[in-house]
Amino acid sequence: MAVEELEKSMATTDNEGKREVDDDLEEGEIINEGGDVAVAKPSKSVSHPLENSWTFWFDNPSAKSKAAAWGSSIRPIYTFSNVEEFWSLYNNIHHPSKLGVGADFHCFKDKIEPKWEDPICANGGKWTVTFSRGKSDTAWLYTLLAMIGEQFDHGDDICGAVINVRARQEKIAIWTKNAANEAAQLSIGKQWKKFLDYNESIGFIFHDDAKKHDRGAKNRYSC
Ligand code: MGP
């Protein structure tokens, strides 16, 4: 699908998608997780398939504090594979500014888990952009649209994106597969900044470094 066509369909299905879900909702079709996330069963009408299927994952902050091991409370919420399903979901989930502090919300290609341990993520890394609390809603949406709309020249190298909501800031990261491929990483980082109109310098961390050095991991690339 051409980028222009995709953007047009995304723009026009925004309201339609929401109306369809509101009209179609039946008891039990909205799940509420302690006010942190709500998911509606998307419309069945399929007209704009995406190149990849994507899964939203959520990590509940209250479950996280009690978790024995990192990652044990992350769980998949819904998988979508066309534009209409995306808008139906997006219109019925809380946006980052409304998520509780500590929440992690992920959108990853289907079958890739948002963990360093996932075999496809294992040799990858991440670019991160930061915003003050409550200021990342638009950047999160534009990141999702650019990813699912396959607007990155090296989109095949992308695993997905995550937003971490913290007390003082909200961080959005794009996770990639082949950290050692510097040209691909730089292309993704530069294009992402352009899509977001983000003018500060951003850094790329290898997951391997994060595993070894935790918060002491240094940026390997920046742009
Ligand atoms: P984080 O949540 O990505 O960073 O990782 P943040 O937001 O700086 O820290 P927070 O405390 O505010 O959440 C935080 C910590 O979680 C890391 O230092 C790791 O110990 C652990 N961790 C994060 N990730 C993404 C993974 C992962 O994929 N696998 C494992 N095993 N641990 C992880």
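We count ligands from 1, going down the list as the structure has it; atoms in each ligand are counted the same way. Worth knowing before you read on, the calculation uses all heavy atoms, side chains too, and leaves out hydrogens, waters and symmetry mates.
With a 6.0 Å cutoff to the six-membered ring centre and a 45° limit on the axis angle, Arg220 does not count as a cation-pi contact of Phe204.
Closest non-hydrogen pair, Lys218 versus Ile205, comes out as O-CG1, 4.0 Å.
The heavy atom nearest to atom 3 (O) of ligand 1, considering only Lys171, Lys115, Lys126, is found in Lys126. Looking at Gln169, Glu117, Glu113, it is Glu117 that brings a heavy atom closest to atom 31 (N) of ligand 1.
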Legend entry - Working for side-chain contact (heavy atoms from CB on, under 4.5 Å), residues Phe108 and Trp54: CA-CA 5 Å; Phe108 270 57; Trp54 300 81; 5.6 Å; no

Inset, instruction - Test His106 against Trp175 for ring pair (Phe, Tyr, Trp, His ring centres under 6.0 Å), laying out the working first. - result: CA-CA 10 Å; His106 316 252; Trp175 284 34; 7.4 Å; no

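Residue contact annotation: His207 has no non-hydrogen atom under 4.0 Å from ligand 1. At a 4.0 Å cut-off, not a single heavy atom of Lys211 sits close enough to ligand 1 to count as contact.
Under 4.0 Å from ligand 1, heavy atoms of Trp116 appear from its side chain as well as its backbone.
With ligand atoms numbered from 1 in the order given, ligand 1 contributes 6 (P), 8 (O), 9 (O), 10 (P), 11 (O), 14 (C) to contacts under 4.0 Å with heavy atoms of Arg215.
Of the candidates Glu170, Gln169, His95, Ser136 forms a side chain to side chain donor-acceptor pair (under 3.5 Å) with just one, namely Glu170.
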